[in-house]
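Heads up: the structure comes next, in structure tokens.
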Amino acid sequence: MDLLLDAGNTRLKWGLRDESGWRGQGAVAIGEPDGLAAVLAAAGPIRRVLGANVAGAGVAARLAEILGECGLAPVWIEPSVSAFGVHNRYLDPARLGADRWAALVGARALHGAAALVVTSGTATTADVLDGEGVFQGGVILPGLDLMRSSLACDTAQLPFADGRFELLPRRTADAIVSGCLHAQVGAIERMFRRVAAEAGAVCLLNGGAAGSLAPLLEIPLRRVDNLVLEGLGCMLSEL
């Protein structure tokens, strides 16, 4: 069994995989990585650990301690110029986030045509992957909850809204939620224009806010859980 880790801003996503495919996936809060110990205890023998870490050195050190107690040493991926059918056109390829790189690799493996690769978590990323597997570039914007919380923190009379989407909101809470959703969906749909003319182009959507965004997107759409883990699974052959 192999253990794959996606250490993000909010959650530590994990997956267990063997030659037949996924044996389990889940997540724990990034501030409580000790929850991974229970996963390890129930998993049985693990031979390799591969991960993408954007949570920082402190999280990496704590995970190394937890895994070390089981005799395991994690390998953290770094983006490259070209690998696994994806060519990275970032001006400084090494500066691309490890999670975005893994998601692009996963997207290429799951969908061989052009795609807009969208992860909707603490931040929302929308990355353009053309039909030849070239990552042309992408955008990063605050995620849905971060947008809502910024209004609550930085304005005098706007709360953290527990509203709902309305085309023409008539309550402040609905106005906030609807505005944030419009901003997310609008950015995604604008970025999709970069690949829309290519045969088979689709938006591959994953992340914690995918359920809120998917019903509002008016573009070809495929929801895929844990694209980062899918990409890491493709990278196991290099270990």
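Heavy atoms only: backbone and side chains are in, while hydrogens, waters and symmetry mates are out. We're numbering straight along the sequence, starting at 1.
- For Glu78, the CD atom counts as loosely surrounded, since its 6.0 Å shell holds 12 or fewer non-hydrogen atoms of other residues, nucleotides or ligands.
- Listed for the Ser178 side chain is no donor-acceptor partner under 3.5 Å among the backbone atoms of Ala175.
- Panel note: side chain Glu198, backbone Ala114; no donor-acceptor pair is recorded below 3.5 Å.
- Under the salt bridge (Lys or Arg N to Asp or Glu O under 4.0 Å) criterion, the residue pairs touching residues 95-118 are Arg100-Asp127, with sequence neighbours excluded.
- A search for side-chain hydrogen bond (donor to acceptor under 3.5 Å, both in side chains) contacts involving Asp34 returns Arg62, not counting sequence neighbours.
- For the pair Gly200 and Ala113, the tightest heavy-atom approach, listed with the atom from each and the gap, is O-CB, 3.8 Å.
- Val228 and Ile140 sit in two unconnected hydrophobic clusters of ILVMFWY residues. Membership requires side-chain heavy atoms under 4.5 Å apart, directly or through other members.
- In summary, the side chains of Gln25 and Asp225 do not present any donor paired with an acceptor at a separation below 3.5 Å, with no hydrogens or angles considered.
- Across all their heavy atoms, Met235 and Ala102 have their closest contact at CE-CA, 3.8 Å.
- Counting heavy atoms from C-beta on, the side chains of Trp22 and Leu4 come closer than 4.5 Å.
- Rounding to the nearest 0.5 Å gives a distance of 4.5 Å between OG of Ser237 and CZ of Phe84.
- Of the possible polar contacts, one joining the Asp174 side chain to the Arg164 backbone as a donor-acceptor pair under 3.5 Å is found.
- Residue pairs meeting the side-chain hydrogen bond (donor to acceptor under 3.5 Å, both in side chains) criterion with at least one member in residues 43-53, sequence neighbours excluded, are Asp2-Arg47, Asp2-Arg48, Glu19-Arg47.
- Residue Pro220 comes nearest to Ala201 through the heavy atom pair CB-O, 3.7 Å, listed as atom of the first residue, atom of the second, then distance.
- Residue Leu129 comes nearest to Leu104 through the heavy atom pair CD2-O, 3.9 Å, listed as atom of the first residue, atom of the second, then distance.
- Sequence neighbours left out, the pairs with a member in residues 100-148 that pass ring pair (Phe, Tyr, Trp, His ring centres under 6.0 Å) are Tyr90-Phe135.
- Val128 and Val134 fall into different hydrophobic clusters, where Ile, Leu, Val, Met, Phe, Trp and Tyr are joined by side-chain heavy atoms under 4.5 Å apart, directly or via other members.
- Rounding to the nearest 0.5 angstrom, the gap separating the CG atom in Leu96 from the CZ atom in Arg89 is 13.5 Å.
- Of the possible polar contacts, none joining the Thr119 side chain to the Gly207 backbone as a donor-acceptor pair under 3.5 Å is found.
- Within the 4.5 Å cutoff, the side chain of Val195 has no heavy atoms near those of the Gln136 side chain.
- In this structure, CD1 in Ile188 is found 9.0 Å from OG1 in Thr125, a value given to the nearest 0.5 Å.
- Counting heavy atoms from C-beta outward, Arg17 and Leu232 have side chains that stay 4.5 Å or more apart.
- Proximity of a side-chain donor or acceptor of Asp6 to a complementary backbone N or O of Leu229 within less than 3.5 Å is not detected.
- Between atom SG of residue Cys203 and atom CD1 of residue Ile219 there is a gap of 4.0 Å, rounded to the nearest 0.5 Å.
- Hydrophobic cluster membership for Leu5: Met1, Leu3, Leu12, Trp14, Leu16, Val28, Ile30, Leu36, Val39, Leu40, Ile46, Val49, Val59, Leu63, Ile66, Leu67, Leu72, Trp76 (Ile, Leu, Val, Met, Phe, Trp, Tyr linked by side-chain heavy atoms under 4.5 Å, directly or transitively).
- Judged by distance alone, the side chain of Asn206 and the main-chain N or O of Val118 form a donor-acceptor pair under 3.5 Å.
- Transitive grouping of hydrophobic side chains (ILVMFWY, heavy atoms separated by less than 4.5 Å) keeps Val139 and Val54 in distinct clusters.
- If you run side-chain hydrogen bond (donor to acceptor under 3.5 Å, both in side chains) between Thr122 and each of Asn9, Asp145, Thr10, only Thr10 comes through.
- The side-chain hydrogen bond (donor to acceptor under 3.5 Å, both in side chains) analysis of residues 184-196, with sequence neighbours excluded, yields the pairs Thr124-Gln184.
- Both Leu216 and Leu141 sit in one connected hydrophobic cluster of ILVMFWY residues. Membership requires side-chain heavy atoms under 4.5 Å apart, directly or through other members.
- Heavy-atom minimum distance, Leu144 versus Cys180: CD1-CB, 3.6 Å.
- Interatomic distance, NE2 of His87 versus CD of Glu132, reported as 12.0 Å (0.5 Å rounding).
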